[in-house]
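Whatever order the structure lists ligands and atoms in, that order sets their numbers, starting from 1. Since we're looking at a predicted model, the values are computed, not measured.
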Amino acid sequence: MAELDAVIIGAGHNGLTCAAYLAMAGLKVKLVERRKTVGGAAVTEEFHPGFRNSVAAYTVSLLNPQVIADLKLGEHGLRIVERRAQNFLPAPDGSYLLTGEGRTQDSIARLSAKDVAAYDTFTTELEAIADVLRKLVLRAPPNLVDGFTLSAVGEAFNALGTANIMRGLSLDDKRILLDLMTRSAGEMLDERFESDLVKALFGFDAIVGNYASPYTPGSAYVMLHHAFGEVNGRKGVWGHAIGGMGAITQAMAAAARAHGAEIETDAAVSEVIVEGGRAVGVALTDGRAIRAGAIVSNLNPKLLYTRLIPADALPEKFITRMQRWRSGSGTFRMNVALSALPSFTALPDEGDHLSSGIILAPSLPYMERAYDDARAHGWSRKPVVEMLIPSTLDDTLAPAGRHVASLFCQHVAPELPGGKSWDEHRDEVADLMIATVDRYAPGFAQSVLGRQALTPLDLEREFGLLGGDIFHGALTLNQLFSARPMLGHADYRGPLKGLYHCGSGAHPGGGVTGAPGHNAAKVILRDHRGVFV
Ligand SMILES: Cc1cc2nc3c(=O)[nH]c(=O)nc-3n(C[C@H](O)[C@H](O)[C@H](O)COP(=O)(O)OP(=O)(O)OC[C@H]3O[C@@H](n4cnc5c(N)ncnc54)[C@H](O)[C@@H]3O)c2cc1C
């Protein structure tokens, strides 16, 4: 029998969460992580001498409060603060929208009197739906299984439980939910609002990490996905982890270690060892083999199944379908070291807007053109940029008087057309992103002391995010809920006995949530007890 109860491939935040729950339940767990640091896409690193930032994921809201409480992340040093304002959207004509407690309505009223009431109605509708869907986040979705087996009966009860939760929605809310699951954000926003900036505020959430136009059917779901969050009990709000996103994963690692989990970094898995149709261990690139009762993958499922498991060990139809898993965000991520804070033409003085998510994308048609351009050219020559300056809330990131900013840029093609390589175009596109900010805040380019630019290819190489997909696979209806990562495998179990999924490629999908890790641990514990107790 294996000495370990579980080995987890990858120490992203979900691998760490899963390890912590398993270790808390008394299992002997080991994590093996390819990078030198734990955290996956939620890490803080020095990107320029003296300047640290959240390198990939950069803002907190989706992290599940239950996970924060169970893992006692506060006791392990995690502190999350709210932004002083939520979002700032400047327009080229000098107008702007600034949202946050006590200011949203006034700011909208300056753009459109009609949109004030429409905003209240829409956010109330979204909140009612998010409230109910939040109850599904920490549950395995109903899994579809063939035949009338014991597990089919169990899944029927699970489906009843899910249906019961959905009864919490009124018929009207169910109708809106249907729209949100199937329609484009653009259509829904055009029906409700008249101001371009108000539409852009919501529309940005529909295209973040989603290589699509806001008018692509299904984009409304991505908008809803970004509404599930909360910060310190305040729903729908976004915040900042002091010390950056790495503070979250360092606290998770401390929680896992406190309960006995072993974490090894600089330890890449080259293959999952399969014997007699069962996953029994992992082979590392340094030649070692580690055997365990459960093999748990924190990786994008396509990466796991197409690169780490021999195709002949998997059912043919399963692997054919997995090769079609849609994975590729249109994102380009930059970290910049700044000598001074930017001054925006629309709101030049320093103020709370500089601690908010600054969205440079003044309308839905602008976002659609960005997508079309990226499809044709490889990147949008008028891109969408969200800028966050976390050093306005956190003095641990930059030297006194200096600042760091995250630029989250959309739309670029996951793979460049015409055989072009991202390695040849990284600097050109990075210059374009800086110039884009400079158009709204003249002088910004001059204030840049250093920069790090991550193309989709870099995100794949550095973090194992295939096609730079920030969610481990698109959040489209055919890749969500009971279909994540595939119908018949929504229960966190892979197609081989002993193999489990605990990463963002499982329900409820991407974002720094901890939810897939939590849900996978529950299933692994159930199986563990069934087998060994
Ligand atoms: C640029 C960017 C910006 C984002 N912004 C936000 C944001 O602001 N807020 C938010 O909530 N979410 C954001 N996200 C999404 C979020 O970060 C991810 O969905 C989430 O962190 C994924 O967590 P995970 O634990 O499932 O997987 P990952 O973090 O991807 O972890 C997987 C781990 O597996 C390791 N690994 C890969 N291959 C191997 C191998 N062969 N052997 C061993 N280990 C291996 C990887 O190194 C990695 O550490 C962003 C993502 C990106 C990329």
Would you say the ring centers of [X] and [Y] fall short of 6.0 Å from each other?
X	Y	result
Phe202	His226	no
Tyr492	His501	no
Trp379	His425	yes

Which is it for [X] and ligand 1 at heavy atoms under 4.0 Å: side chain, backbone, both or neither?
X	result
Asn300	neither
Arg333	side chain
Phe463	backbone

Regarding [X] and [Y], does a basic nitrogen lie under 4.0 Å from an acidic carboxylate oxygen?
X	Y	answer
Glu101	Arg84	no
Arg134	Glu127	yes
Lys522	Asp527	no
Glu264	Arg257	no
Glu415	Lys420	no

Closest to atom 41 (N) of ligand 1 among Thr513, Leu299, Val269 (heavy-atom distance)
Val269
If you compare Arg35, His472, Glu33 by their heavy atoms, the one closest to atom 46 (C) of ligand 1 turns out to be Glu33
Hey, which atoms in ligand 1 end up nearer than 4.0 Å to a heavy atom of [X]?
X	result
Gly510	19 (O)
Ala268	42 (N)
Gly503	26 (O)
Gly10	33 (C), 34 (O), 35 (C), 44 (N)
Leu465	30 (O), 53 (C)
Gly12	25 (O), 29 (O), 31 (O), 33 (C), 49 (O)

Phe471, any N or O under 3.5 Å of ligand 1 N or O:
no
Hey, is ligand 1 close enough to Ile9 that some N/O pair sits below 3.5 Å?
no
Under 3.5 Å, side chain of Asn64 to main-chain N/O of Gly514, donor-acceptor pair present?
no
